[in-house]
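All values reported here derive from a predicted model rather than from experimental measurement.
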Amino acid sequence: QVQLVESGGGLVQAGGSLRLSCAASGRTFNSYVMGWFRQAPGKEREFVATATSWGGGSYADSLKGRFTISRDNAKNTVHLQMNSLKPEDTAVYYCAAKRLPTSNSPKDYDYWGQGTQGTVSS
């Protein structure tokens with residue numbers, strides 16, 4: 001079992017940045033694929049990025065170049081650096097985990113944090 005806690009959300013002006021963090025519990029953190037997803041009001045939860053313990057991963061095409069995922073296996077943490085933010089990035093951001101293989105679908109992830117709100121003003 002893995003427990004996840006997100007932090008780092010908040011309010012930022014368009015063009016600004018936020019750095020989200022996810023703290024994971026568990027003895028086998030390195031065996032999990034970590035993912036970030038987001039959900040805006042009235043919309044389905046959507047894929048943002050994934051990261052493996054060895055540095056592999058993926059990004060939503062629309063977010064490449066603005067968002068960067070990273071993880072620190074020694075600290076059981078994963079981060080999402082969000083730059084050049086736009087109002088349409090406003091959403092609740094969720095950290096999630098699954099065992100291999102990798103996946104970009106939220107339906108495949110077994111463990112979820114409670115989310116952290118990121119709001120971008122125009």
Side-chain angles (χ1 to χ4, degrees):
Q1 296 291 321
V2 177
Q3 293 184 332
L4 307 171
V5 180
E6 303 96 336
S7 62
L11 175 64
V12 65
Q13 294 182 351
S17 299
L18 286 172
R19 182 174 175 83
L20 308 183
S21 298
C22 174
S25 65
R27 300 177 181 177
T28 58
F29 177 74
N30 289 358
S31 67
Y32 288 90
V33 178
M34 302 299 297
W36 284 100
F37 299 83
R38 67 184 185 182
Q39 188 166 20
K43 298 181 65 177
E44 294 292 320
R45 191 165 298 185
E46 68 174 348
F47 165 71
V48 174
T50 64
T52 65
S53 62
W54 59 88
S58 61
Y59 294 90
D61 288 341
S62 63
L63 302 179
K64 289 181 179 179
R66 294 197 299 120
F67 287 18
T68 303
I69 189 171
S70 61
R71 61 189 285 168
D72 186 335
N73 294 327
K75 296 182 178 180
N76 284 17
T77 57
V78 61
H79 305 279
L80 183 69
Q81 180 68 43
M82 306 189 294
N83 298 326
S84 301
L85 286 166
K86 307 171 182 178
E88 50 263 45
D89 294 319
T90 295
V92 176
Y93 285 78
Y94 295 92
C95 177
K98 73 181 298 293
R99 290 186 170 90
L100 289 169
T102 59
S103 173
N104 295 345
S105 174
K107 297 180 180 179
D108 293 334
Y109 283 75
D110 302 308
Y111 308 103
W112 293 85
Q114 293 300 303
T116 184
Q117 176 72 43
T119 302
V120 184
S121 63
S122 60

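Among residue pairs with one or both ends in residues 77-109, those qualifying as ring pair (Phe, Tyr, Trp, His ring centres under 6.0 Å) are Phe37-Tyr109; sequence neighbours excluded.
Using a 3.5 Å distance cut-off with no hydrogens or angles, the side chains of Glu88 and Thr90 do not pair a donor with an acceptor. In this structure, a donor-acceptor pair under 3.5 Å is absent between the side chains of Asn76 and Ser25. Donor-acceptor pairing under 3.5 Å is lacking for the side chains of Ser53 and Asn30. Under the 3.5 Å distance criterion, with hydrogens and angles disregarded, a donor-acceptor pair is assigned to the side chains of Ser17 and Asn83.
With rounding to the nearest 0.5 Å, the separation of CG in Asp72 from OG1 in Thr77 is 4.5 Å. A distance of 13.5 Å separates CD of Gln114 from OG of Ser7, quoted to the nearest 0.5 Å.
Using a 4.5 Å heavy-atom threshold, the side chains of Trp112 and Pro106 count as touching. Side-chain contact between Tyr111 and Gln1: present, with at least one pair of heavy atoms (C-beta onward) separated by less than 4.5 Å. Side-chain contact between Arg27 and Val2 is absent, with no heavy atoms from C-beta onward closer than 4.5 Å. Side chains of Phe47 and Ser105 form no contact here, defined as non-hydrogen atoms less than 4.5 Å apart. Contact of the Tyr59 side chain with the Val48 side chain is not registered, since no non-hydrogen atoms from C-beta on lie closer than 4.5 Å. Residues Arg66 and Asp89 form a side-chain contact, since some pair of their non-hydrogen atoms from C-beta on lies under 4.5 Å apart.
Listed here is the closest heavy atom pair of Ala40 and Ala91: N-CB, 3.9 Å. The minimum heavy-atom distance linking Ala14 with Pro87 is given by the pair CB-CD, 4.2 Å. Counting all heavy atoms, side chain and backbone alike, Thr28 lies closest to Tyr32 at O-CD1, 3.0 Å.
Cluster annotation: Val78 is not connected to Val33 through the hydrophobic network of ILVMFWY side chains, with a link wherever side-chain heavy atoms come within less than 4.5 Å. Following chains of ILVMFWY side-chain contacts shorter than 4.5 Å, one cannot reach Val92 starting from Ile69, and the two form parts of different hydrophobic clusters. Note on Met34 and Leu18: same hydrophobic cluster, where clusters join Ile, Leu, Val, Met, Phe, Trp and Tyr whose side-chain heavy atoms are under 4.5 Å apart, directly or indirectly.
Between the side chain of Thr50 and the backbone N or O of Ser58, at least one donor-acceptor pair lies under 3.5 Å. The main-chain N or O of Pro101 is found under 3.5 Å from a side-chain atom of Lys98 such that the two form a donor-acceptor pair. No donor-acceptor distance shorter than 3.5 angstrom exists from the side chain of Arg19 to the backbone of Gln81, with no hydrogens or angles considered. One N or O on the side chain of Glu6 and one on the backbone of Gly115 form a donor-acceptor pair closer than 3.5 Å.
At least one cation-pi condition fails for Arg71 and Trp54: the charged atom is not both under 6.0 angstrom from the six-membered ring centre and inside a 45 degree cone around its axis.
For the side-chain contact (heavy atoms from CB on, under 4.5 Å) test with Leu63, the passing option among Met82, Glu46, Arg38 is Arg38; the others fail.
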